[in-house]
2 protein chains.
Amino acid sequence: MLLTIDPTADSPLFEQVATGIRAAVVAGDLRPGERLPAARDLAAALEVNMHTVLHAYRTLREEGLIQVRRGRGTVVSTRSSADYRGLRRALADLVREGDRLGLSRTGLADLIRHAPGTAP
Amino acid sequence: MLLTIDPTADSPLFEQVATGIRAAVVAGDLRPGERLPAARDLAAALEVNMHTVLHAYRTLREEGLIQVRRGRGTVVSTRSSADYRGLRRALADLVREGDRLGLSRTGLADLIRHAPGTAP
DNA sequence: CGTAATGTTCTAGTGCATATAGAACAAGAC
DNA sequence: GTCTTGTTCTATATGCACTAGAACATTACG
């Protein structure tokens, strides 16, 4: 199974779905152009409401990670480079630095979320 | 003013406070050992409830970034190295990679929050 | 000892995010 | 035309985040 959902976890279900797919794309387990299961099917497989899966899909679409088109399904976006190696390395570096300083994942995430730059 | 709060922003007030202080520490504007204003005072200055500031302080304490002791006030933690240069560089690298791929800050933050590693 | 400063705890109200559900609809594929 | 798939609309219920006021505990200091 590509995704596993924990209904008892503290993070919301739709976020768990989005996180799982996002991680799979960045890790290369899901390749650009590859198609994701239909929302209804994934919802049934995860024993979750269809709207929950669609919420996750919507989130990932707003991040530009996937493309959803009605009637045709949902596919992983084909980016210009589609090379996530640099991102993976940057992620690992940041986590290592954060661990070295004893910062929590949440704190690191917050630093990123409110970091200055081009995109909001 | 060290901090600015926007009551109309989408992010909660306590997170804005925590984020501002965290960013100041990482940027070096607040040095280890330096004392933060009393919760009541900062709350009055920001026109926010004291609990909001204390919530932010508690969050930062759980991250290990500050030390709060009743009666004595709140100070920035003195870390072994207290060197945030590597962290700043790693943050900048990740943001750059994220922007290159068109990923949103929220997506990047989520990748960090659920990244594997030693600490949760 | 007394007083001031400071964080902690208790209690509580309000609103919003989350999740689920059903149904009708729109775009595309075949 | 029919099936698939995502979109939109309405509705409901639940829980927690957020904010807030007041009393309390600990520390510092004269």
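Numbered from 1 within each chain, the chains take letters A, B, ... in sequence-line order.
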Checklist entry - If you take all heavy atoms of A/Ser77 and A/Pro32, which pair is closest and at what distance? => result O-CB, 3.4 Å
Item to check | Salt-bridge contact A/Arg22-A/Glu63 (side-chain N to carboxylate O under 4.0 Å) | outcome: yes
Item to check | Whole-Å gap separating P (C/dG28) and CZ (A/Arg72) | outcome: 6 Å
Checklist entry - Expressed in angstrom and rounded to an integer, what is the separation of A/Gln67 atom CD from C/dG28 atom C1'? => result 15 Å
Checklist entry - Under a criterion of less than 4.0 angstrom to any heavy atom of chain A, what are the 5'-terminal and 3'-terminal contacting nucleotides of DNA chain D? => result D/dT4 to D/dC9
Item to check | N or O in side chain of A/Asn49 less than 4.0 angstrom from C/dA19 OP1/OP2 | outcome: no
Next on the checklist: Under 4.0 Å between a side-chain nitrogen and a carboxylate oxygen: does that hold for A/Arg31 and A/Glu34?
Outcome noted: no
Item to check | Whole-Å gap separating C1' (C/dA17) and CG (A/Asp10) | outcome: 15 Å
Item to check | Shared hydrophobic cluster, B/Tyr84 / A/Leu94 (ILVMFWY, side-chain heavy atoms < 4.5 Å) | outcome: yes
Next on the checklist: Quick test of your reading of the model: are B/Glu15 and A/Arg113 salt-bridged, counting only N-O distances below 4.0 Å?
Outcome noted: yes
Next on the checklist: Using the rule that Ile, Leu, Val, Met, Phe, Trp and Tyr join whenever any side-chain heavy atoms are under 4.5 Å apart, tell me whether A/Val68 and A/Leu36 fall into a single cluster.
Outcome noted: yes
Next on the checklist: Rounding to an integer number of Å, can you tell me how far A/Glu47 CD sits from C/dT20 P?
Outcome noted: 11 Å
Next on the checklist: Let me check something: do A/Leu54 and A/Phe14 share a hydrophobic cluster, defined by ILVMFWY side-chain heavy atoms less than 4.5 Å apart, either directly or through other members?
Outcome noted: no
Checklist outcome for this item: To the nearest angstrom, the CZ-C1' distance between B/Arg70 and C/dG7 comes to 6 Å
Next on the checklist: Hydrophobic clustering (ILVMFWY, side-chain heavy atoms < 4.5 Å, transitive) - are A/Val25 and A/Ile5 grouped together?
Outcome noted: yes
Checklist entry - Under the 3.5 Å rule, do the base of C/dG22 and the side chain of A/His51 count as making a donor-acceptor pair? => result yes
Checklist entry - When only distance counts, do a donor and an acceptor, one from the side chain of B/Arg40 and one from the base of C/dG7, lie under 3.5 Å apart? => result yes
Item to check | A/Phe14 CZ to C/dA19 C1', straight-line distance once rounded to whole Å | outcome: 11 Å
Checklist entry - So does B/Asp99 pair up with B/Arg105, basic N to acidic O under 4.0 Å? => result yes
Checklist outcome for this item: Within residues 52-64 of chain A, the residues having a heavy atom closer than 4.0 Å to DNA chain C are A/Thr52
